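Reading through the structure tokens given below for one structure.
In what follows, chains are A, B, ... by sequence order, proteins preceding strands, each numbered from 1. Everything numeric in this text was worked out from a predicted model, so none of it was measured. Every heavy atom of this structure was used, including side-chain atoms; hydrogens, water molecules and symmetry mates were not.
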Amino acid sequence: MAKPTAWFPVPKNSILPPAELHLWRVRCDGALETPEHYEHLLSPDEKERARRFVIKEARRDFIVSRGVLRELLALYLNTRPADIVLRYGIHGKPHVSRGEAQSSVRFNVSHSHGLAVFAFSQAEVGVDIERVRAEFPGREIAGRFFSEQEIAALGKLGPEESSRAFFLCWTRKEAYVKARGGGLQIPLRSFSVRLGENEEQQLVDEGGKQWSLYPFEPGGGFAAAAAVEGKDWRLKFWDRDGSAQRGGKDCNGALRSHVSPRGTAEGRTPQGPGPDLRK
Amino acid sequence: MHPAQVRLLVESEGDIDAARLQTVWQNLIERQEELHRAFPRNGGSPKYKRRPLPWQQYDLSGLSTERARTWLDSFLETDRDQIIPTDRLPLMRCALACFSARACELVWSLHPALRERIDVQRVLNQLASEYGPGLRMMQIDVEGERKTKPSKNGNHAAHDTAMMAGEQSDGASADNVDDGVENQLTLIWETVLNTRVQRPTDDFFDLGGHSLLAARLLTRIEETLGIELPLASLLEAPTIRGQALLIRKQSGTASVEEPAREQHMLRQLPFFFLGGDPTFRPLARRLSELRELHNLGLQASVLSKLEDPYSMECMARHFVGAIRERFPHGPYMLGGWCAHGLLAYETARQLEEQGEEVAQLVMLESVHPVKRNQYSSWKRMIARVQLKMHLLKFEYAYMRQLNGAQARDYVSGRAWQKLNRINESFRQAMKITDLNGKGELAPRNPLDILYTAAARYSPKPYHGSVVLMRSQQRTYGFGTVLDLGWGELLGENLEICETPGNHYTIYMYPNVDALAHKINVSLRRAEQRVTRAARPA
């Protein structure tokens, strides 16, 4: 079993050095702060968007993740959360408006079943989290959307392993697609990711740009990955909820040292056991 | 006669009293004159055996919405396969599936002749009034899976009315003529999003949708409607209405005047899959979740009765009989793997010869036997050894997928027999290579008989549409030939579709899901062709 990702309590001041990728983990199921706490931070269009959600949980997750995003951005940009202006790319990827002082900060957000992850770096970044559900019909989706290599790798696994592997695969693909800002436009079948637990990977897109893919452990029962342009990133993991850890054994907030050398976070093995997709 | 299903959604403000519902329903049926009068064949004669209305009850309250729906779908499918015996009254049966204390679905399966003469709405109104206040009943349209309003059919938009005027010939409720795509989509959306979709203009992402659910939604749509939409289409059209438009556009059949009536009325054809080996079970299970499936096996008892059990034509004649016994007339759809595929081919050919339509033939990894025999014999030998290795590996992997009890079961019930058979057929297969089908072998096992017959078989021309499923991992030698020798004989009617796995592992999880999905899509297309052709211009 690969060592779990180590998450650390919130730092006093947040700066974002050029070679670092910051990953934040935040609960948004309302256990710590109510959605109302965040609602006033949202912009009018975000409030309107929140109002449109039909499902209560979806609305809550949206409000909390947007609220927290603004708080975190405010931390990096040294401004007030409500003052941040977000703009959207043609495929809907949000970014900080150019008017901001340090708009070189790039970010991406993903949430699933009450847990949100945020990625910040100075290069294009994407992140995705999914709760692993055994009953999810991943195999059908894999059959239609995954590449041949990925389907073959999933095929080598037993039912239980493969349901987790599906989510590992999906989050990696999704993180990459989100990082590139192409949203659903990039065919998921057009590239392949590896399935090993915590197995990092480099991808090169059609334009020759290099991307790094870093899977990580957001907590028990979830799968997640981040993708960022370039290579040799140092990863830092922050747990916004600090000592109020989620119940999973994977959450380990007590460690002190938290910066890892070149591309691997301490406490993680770069290549865990698991199926190897390389042929 | 296979039943007509009437699906009724029952909701109540308080808890539903199922026993009361049953009594009221039974009394009500008892009193419906039109259900007992003048039945076509027996003329309402008093010779009918009378029995209480068959009533089954299922508690689904422990299942998630989605599981309950899946359960119900497979129940409906099974129920459709069960005939309504015409020698006793009443010519119907009921099943009550309870989703919760306050919501259930009543599946009322009745003889089609009765269905035509009954006014469901009137029965519902009577039931609701007799049961007492607080009970609401809605009819769910079976073909369109659409909930009709409990009231009447005066709610169509103006542009639909023109279309209805020409189409309203079948005497069915005019509600049927409404656009089926949106309603089918609503059902799929609700299942995937696990919520009610109130309006067809609701945005997928506002309903809690995200990209993983989008992938799931599109997979479902493809399975149900046979239309493949890219993920990006959901950004372009994030509503049910928009998506229905895209689907109509893509299916290319529905014009502005006719909103995709085809999907709504898509004719379901029976699919006969030849091959009763346990190896097929995962595929059969997956396929039967998707459609009506008839699995026909080769039995030693049948083979022994055949004139010449080593002739594919003779075997096929038996299957033609078995198929026409169940469905006297086509269109049919047939499929089979390897030598069973050849058997399906010959069966389809004979059906065609008899003037019956075979809408689709699906051959899985079936080799044109004559073309293969023209291939060098040592290459064939190597291929055979390779296949046997694959088979052993497959057996091993198959075992590993089972849980403890299943594995024990498998071992005790099958492994010995299987090993013996592998051993036996291996030795015989080596000999067949040098034979020209002179019957020098005396295989004991039906499968061995089939393989011998396959080696001698020379396929005659066939004019129907054929899909050849190829495993992506090819077998050595002739297995590397993409069309497995069929191209010349079948010409444009041949379509080749690749599926993950090797000759055997295409049946293994999760490859089998891709395989079932691909087969289902090709069958859907055939059904669309048939439906389209049947519709008057």
Side-chain angles (χ1 to χ4, degrees), chain A residues 49-62 90-92 110-112 128-131 133 135-160 162-163 165-167 170-171 173-174 177-178 182-189, chain B residues 64 66-67 70 192-199 202-203 205-220 222-223 228 230-236 238 286 289-290 397 400-403 472-473 498-502 505-506 508-518 521:
Chain A
R49 171 101 178 85
R51 202 184 51 73
R52 288 210 313 266
F53 277 104
V54 181
I55 313 289
K56 212 175 78 201
E57 290 76 21
R59 181 188 299 135
R60 179 200 68 200
D61 287 2
F62 175 80
I90 37 172
H91 298 305
S110 176
H111 53 82
S112 171
D128 192 52
I129 178 172
E130 290 293 344
R131 203 182 74 188
R133 284 152 283 164
E135 78 284 0
F136 194 84
R139 44 214 174 127
E140 286 146 49
I141 290 170
R144 168 148 175 213
F145 294 102
F146 285 6
S147 73
E148 303 298 357
Q149 265 176 301
E150 289 158 349
I151 295 172
L154 284 172
K156 289 180 192 149
L157 304 175
E160 270 172 37
S162 94
S163 87
F166 167 78
F167 285 98
W170 176 272
T171 47
K173 293 178 89 69
E174 191 68 5
V177 163
K178 284 175 80 179
L184 302 174
Q185 302 284 350
I186 301 171
L188 290 176
R189 204 176 280 173
Chain B
S64 66
E66 197 180 320
R67 297 283 293 273
T70 316
V192 169
L193 292 164
N194 203 8
T195 184
R196 272 276 155 113
V197 182
Q198 309 285 354
R199 290 170 300 270
D202 281 348
D203 188 298
F205 299 95
D206 291 343
L207 291 164
H210 51 75
S211 52
L212 186 52
L213 288 181
R216 193 166 168 196
L217 181 78
L218 298 180
T219 313
R220 276 288 169 87
E222 191 184 345
E223 270 170 15
E228 201 172 325
L231 267 179
S233 74
L234 210 58
L235 294 175
E236 190 187 320
R286 287 293 291 124
E289 284 167 15
L290 301 170
R400 290 192 52 178
Q401 284 193 359
L402 304 175
N403 65 30
Q472 275 162 356
Q473 265 173 282
E498 291 190 287
T499 188
N502 67 29
T505 54
I506 53 173
M508 296 238 345
Y509 174 91
N511 294 347
V512 68
D513 293 308
L515 178 64
H517 177 70
K518 284 173 184 183
V521 168

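From K518(B), atom NZ reaches atom CD of E498(B) across 8.0 Å, with rounding to the nearest 0.5 Å. Once rounded to the nearest 0.5 Å, the distance linking NE2 of H111(A) with CG of D61(A) reads 5.5 Å. With values rounded to the nearest 0.5 angstrom, F166(A) atom CZ is found 10.5 Å from E150(A) atom CD. Distance check: L213(B) CG to L218(B) CG gives 11.0 Å after rounding to the nearest 0.5 Å.
Contact annotation for E228(B): both backbone and side-chain heavy atoms come within less than 4.5 Å of a heavy atom of chain A. Residue F146(A) does not touch chain B at all, counting heavy-atom pairs closer than 4.5 Å. Residue contact with chain B, scored on non-hydrogen atoms closer than 4.5 Å, is absent for E135(A). Proximity to chain B (any heavy atom under 4.5 Å) is shown, for F62(A), by neither the backbone nor the side chain.
Of the listed residues A215(B), G208(B), A214(B), the one with more heavy-atom pairs under 4.5 angstrom with chain A than any other is A215(B). Contacts with chain A were tallied for V197(B), L193(B), L212(B), L207(B); L212(B) has the most, counting heavy-atom pairs under 4.5 Å. Among L231(B), D202(B), D203(B), the residue making the largest number of heavy-atom pairs under 4.5 Å with chain A is L231(B).
Without hydrogens or angle criteria, S162(A) side chain to L154(A) main chain gives no donor-acceptor distance under 3.5 Å.
Residues S110(A) and K178(A) come closest through the heavy atom pair CB-NZ, 3.6 Å.
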